[in-house]
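Since we're looking at a predicted model, the values are computed, not measured.
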Amino acid sequence: MLPYATLIPLERHGPNSLSQQVTSGFIHLIQQGLLLAGTKLPGTRTLAGLLGLHRQTVVVAFDELVAQGWIHQVASKGAWVSSSIPVIRPAALPAGATRQFAPRAGFNYEPVPTYPTTVRAPSLPLVLDAGSPDSRLAPLASLVRKYRAVSLRAGQRRGLGYADPNGSGALRQQLAQYLQRTRGLPAQVENVFVTRGSSMSLYLLLRLLLRTGDTVVVGEHSYHGADYACAQQGARLERVRVDNHGLNVEELEAVCRRQAVRLLYVTPHHHYPTTVMLAADRRVRLLQLAEQYDFIILEDDYDYDFHYDGAPILPLASADRHGRVMYLGSLSKVLAPAFRVGYVVAPADIIEALGQLRRHIDHQGDAVLEQSIAELFAEGELGAHLKRARHHYQQRRDVFCALLRQEASPWLSFDEPAGGMAVWVRFGDEVNLNDLSARCRLLGLGIGDGRLFQTPAETRAHHLRLGFASLTPDELTQSVAVLQQALSELYTL
């Protein structure tokens, strides 16, 4: 007889009942091949004695094994492993061998195109990224303290269960008030939808609004994430030029005359990636064209909070009277990229539709984090942090632009941005950005190779977004010194 007491270990105070553990134990022994088809099993009384259980517990387990087809019983005669169970002969692994997953799936599927990304070089001491905040400035102590307090409070009130897929009511209320105060958006709670970052906002909106074959208009240089998300929905992209006054609305109107346009994706405050602001007259014309040609405006205001020269221009959504502008924003740049909190501001029916769509992929966001941020908003902590961060980032912009002019102007040109977290740099024709990126990496500096911003009309990449916000003035000084060294080594003046 097999040593059942050893082969079927029991956890007396475990989450599963003892009868369930016995059932699982026998199934495991059969699957391993230790109990072959036709093997007679010990009686329930005998087995109960071996396992130290009440006989009724074993009877329940055997009844379940019979119901699942693993064993069959004959009244007054006993129980046997079912003859329909295949014979399993376990083979011993070679000495030192370990089990591994198959390197590839055993079936065909449609691969997802590689998502384009900006420079990421965590192993390097210095990185000029495409425009990220400095996580070291985030009010982490306040946020951690608030998160702990909210968690304990919610746990005591049984408030850690499923929540509203549209986001924390408290955060939606705070965001509505904040956007009314700072951006002139006439938003109420029912107009705000909270997501896990602006990428999720963008995906959900495009999933809701686009159908295969729809035309989406974007800038000649545009945010690669939006281009990718539109393509994933089967949309066809039409590009129009972007100049020093923003998106060219005359070219947009020409596109509208030729064909039906479903949606315009635009970043009017600091156009991505060029950082230029959309002129006031073009903003008015965009709203007129949307009404005239019946298209949606998706306004991505990814860094409105960081404007340094003069007052920021109000969003398109603040002047929308016909429910055509869908407004996106993010708190991830306000805090740190690891805290995934974005939001959509739109008519109430769109918000409800987004909530229904979200349930298919993510029932809700981080309710505790959202409540914590709402309370930091209400207590003024987040506003104070924004003021401090804006001061640091403006100082860093000024330092960075001055350094680029002093040390690297022979090889590049740029216009100082009025806001945001990056400078749009145009390198001279003699500069090969792929070679420059490789050389900088060897010297300890991470920069992109320009391919992310190369348009189809360009034979070679010439532009980079060089982010300044995530580095201190000393780190920016070191970064520009490395950039200047790499340029001087590769290209003699």
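Note that CG of Leu137 and NE2 of His385 are 7.0 Å apart. Values are rounded to the nearest 0.5 Å. The line from OG of Ser132 to CZ of Phe468 is 11.5 Å long, rounded to the nearest 0.5 Å. In this structure, CG in Leu471 is found 10.0 Å from OG1 in Thr477, a value given to the nearest 0.5 Å. With rounding to the nearest 0.5 angstrom, the CG atom of Leu316 is 10.5 Å from the CG atom of Leu185. Here the NE2-CZ distance, from His360 to Arg207, works out to 8.5 Å after rounding to the nearest 0.5 Å.
Of the residues listed (Thr215, Leu252, Val216, Leu264), the one engaging Glu238 in a side chain to side chain contact (heavy atoms under 4.5 Å, CB included) is Thr215, and it is the only one.
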task = In sequence, state the C-alpha distance, the side-chain angles, and the governing distance for Lys333 and Asp134, and then conclude on salt bridge (Lys or Arg N to Asp or Glu O under 4.0 Å).
result = CA-CA 9 Å; Lys333 289 189 181 297; Asp134 190 345; over 6 Å; no

request  = Show the numbers, then the answer: is there a salt bridge (Lys or Arg N to Asp or Glu O under 4.0 Å) between Asp362 and Arg358?
outcome  = CA-CA 6 Å; Asp362 179 35; Arg358 182 191 196 145; 3.2 Å; yes

request  = Would you check, one step at a time, whether the test salt bridge (Lys or Arg N to Asp or Glu O under 4.0 Å) holds for Glu251 with Arg241?
outcome  = CA-CA 7 Å; Glu251 287 193 12; Arg241 287 184 300 117; 2.4 Å; yes

query = Step by step, would you call Arg136 with Glu475 a salt bridge (Lys or Arg N to Asp or Glu O under 4.0 Å)?
reply = CA-CA 13 Å; Arg136 294 169 294 186; Glu475 291 167 338; 2.9 Å; yes

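A donor-acceptor pair under 3.5 Å is absent between the side-chain atoms of Ser201 and the main chain of Val344, judged by distance alone. A donor-acceptor pair is defined here as one N or O able to donate and one able to accept, closer than 3.5 Å; no such pair exists between the side chain of Arg196 and the backbone of Gly342. The closest donor-acceptor contact from the side chain of Gln371 to the backbone of Leu171 lies at 3.5 Å or more, if one exists at all. Side-chain atoms of Glu190 never come within 3.5 Å of backbone atoms of Ala348 as a donor-acceptor pair (strictly under, hydrogens ignored). At least one donor-acceptor pair under 3.5 Å links the side chain of His221 to the backbone N or O of Phe453. A donor-acceptor contact shorter than 3.5 Å is absent between the side chain of Arg239 and the backbone of Val218. Panel note: side chain Gln180, backbone Ala187; a donor-acceptor pair is recorded below 3.5 Å.
Side-chain contact between His463 and Glu458 is present, with at least one heavy-atom pair separated by less than 4.5 Å. Two residues are said to be in side-chain contact when any heavy atoms from C-beta on lie closer than 4.5 Å; Leu386 and Phe306 meet this criterion. The closest side-chain heavy-atom distance from Leu263 to Phe295 is not below 4.5 Å. A heavy-atom distance below 4.5 Å is found between the side chains of Leu237 and Cys230. With a 4.5 Å cut-off on side-chain heavy atoms, Tyr265 and Asp300 count as touching. Considering only heavy atoms from C-beta on, Leu445 stays 4.5 Å or farther from Val127 through its side chain. Side chains of Val341 and Leu335 form no contact here, defined as non-hydrogen atoms less than 4.5 Å apart. Leu140 is listed as a side-chain neighbour of Phe339, based on a closest heavy-atom distance under 4.5 Å.
In this structure Asp429 satisfies the side chain to side chain contact (heavy atoms under 4.5 Å, CB included) test together with Arg426, His462, sequence neighbours excluded.
Ion pairing between Arg340 and Glu370 fails under the 4.0 Å rule for side-chain N and carboxylate O. Checked for salt-bridge contact, Arg405 and Glu416 meet the test: a charged N lies under 4.0 Å from a carboxylate O. Between Asp243 and Arg282 there is a salt bridge, with a side-chain nitrogen of the basic residue lying less than 4.0 Å from a carboxylate oxygen of the acidic one.
Other residues, nucleotides and ligands place no more than 12 heavy atoms under 6.0 Å from the CD atom of Glu250. More than 12 heavy atoms of other residues, nucleotides or ligands lie within 6.0 Å of CZ in Arg388, so this atom counts as buried by the packing criterion. Atom CG of Asp349 sits in a crowded spot, with more than 12 heavy atoms from other residues, nucleotides or ligands closer than 6.0 Å.
Ring geometry for Tyr223 against Tyr272 counts as perpendicular: the plane angle is over 60°, on a 0 to 90° scale with 30° as the lower cut. Note: Phe377 and Tyr178 have tilted aromatic rings, judged against thresholds of 30 and 60 degrees for the angle between ring planes.
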